[in-house]
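Both backbone and side-chain heavy atoms feed into the values below; hydrogens, waters and symmetry mates do not.
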Amino acid sequence: MFKLDFSDNRDTRTQGLSKEDRRFLNLAETGIHRCDDGHYEFPLPLKASFRGLLSNRRGAVRRTFYLKRRFALPNNQEFKEEFMNFMKKMIDNG
């Protein structure tokens, strides 16, 4: 009785795939490969109308400026050391 009340209670075995679903499955079947380090790489399933990402350079430069200002404060030397150690670990680990 309640099965008719919910739209998600449809038989998915008889429902066809959308164009985007078929495109995604094709991308998954042909695009996945294993890298030399053992990880799997999968291409991003972007829409055909995707024009690329906007530049975030201005925001990154602004955040760097504020971080440098924060490092210069006399009571933030511990923060600066922790941040530098963290970044060194990240760079060392690739």
Side-chain angles (χ1 to χ4, degrees):
M1 176 174 155
F2 293 110
K3 288 183 181 181
L4 298 176
D5 291 339
F6 301 101
S7 63
D8 60 343
N9 284 333
R10 56 187 177 257
D11 190 3
T12 56
R13 292 171 291 175
T14 60
Q15 183 182 8
L17 297 173
S18 70
K19 228 190 288 189
E20 283 139 0
D21 290 341
R22 286 192 300 271
R23 186 176 156 266
F24 174 79
L25 290 174
N26 183 39
L27 181 69
E29 290 171 358
T30 60
I32 296 177
H33 72 277
R34 190 172 184 160
C35 299
D36 295 335
D37 61 0
H39 289 90
Y40 287 93
E41 190 171 90
F42 182 82
L44 293 174
L46 302 173
K47 295 196 178 244
S49 61
F50 181 73
R51 299 191 207 297
L53 299 173
L54 299 175
S55 174
N56 65 346
R57 180 178 173 81
R58 185 183 308 169
V61 169
R62 185 180 60 229
R63 286 190 301 274
T64 304
F65 171 75
Y66 287 123
L67 186 62
K68 286 173 69 173
R69 253 186 27 186
R70 189 171 174 189
F71 286 161
L73 295 173
N75 58 347
N76 276 350
Q77 292 307 308
E78 185 179 341
F79 169 74
K80 180 181 178 181
E81 289 174 21
E82 288 177 14
F83 183 86
M84 295 302 213
N85 289 334
F86 171 77
M87 290 306 293
K88 181 168 177 18
K89 283 181 193 176
M90 294 295 286
I91 291 169
D92 290 345
N93 290 333

- Are any side-chain N or O atoms of R22 and backbone N or O atoms of L17, one a donor and one an acceptor, separated by less than 3.5 Å?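 Yes, the answer is positive, given that a donor and an acceptor are paired below the 3.5 Å cut-off.
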- Q77 side chain vs F71 backbone, donor-acceptor pair below 3.5 Å: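 Yes, because the side chain of Q77 sits within donor-acceptor range (under 3.5 Å) of the backbone of F71.
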- Item | Exercise: identify the closest heavy-atom pair between I32 and P43 |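 Closest pair (atom of I32, atom of P43, distance): N-CD, 4.3 Å.
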Would you compute the distance between atom [atom1] of [X] and atom [atom2] of [Y] and round it to the nearest 0.5 angstrom?
X	Y	atom1	atom2	value
N26	D21	CG	CG	12.5 Å
M87	I91	CE	CD1	5.0 Å
N93	K88	CG	NZ	10.0 Å

- Query: Pick one: which of E81, R70, E82 meets side-chain contact (heavy atoms from CB on, under 4.5 Å) with N76?
  - Reply: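 Only one option passes, and that is R70.
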Within a reach of under 6.0 Å around [atom1] of [X], are more than 12 heavy atoms found that belong to other residues, nucleotides or ligands?
X	atom1	answer
F50	CZ	yes
H39	NE2	no
N75	CG	yes
L73	CG	yes

- Are F83 and M90 grouped together when hydrophobic residues (ILVMFWY) are joined by side-chain heavy atoms under 4.5 angstrom apart?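 Yes; M90 is reachable from F83 via cluster members.
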- Message: Just so I know, are the side chains of F65 and R69 near enough to count as touching, which here means a heavy-atom distance under 4.5 Å?
- Response: yes
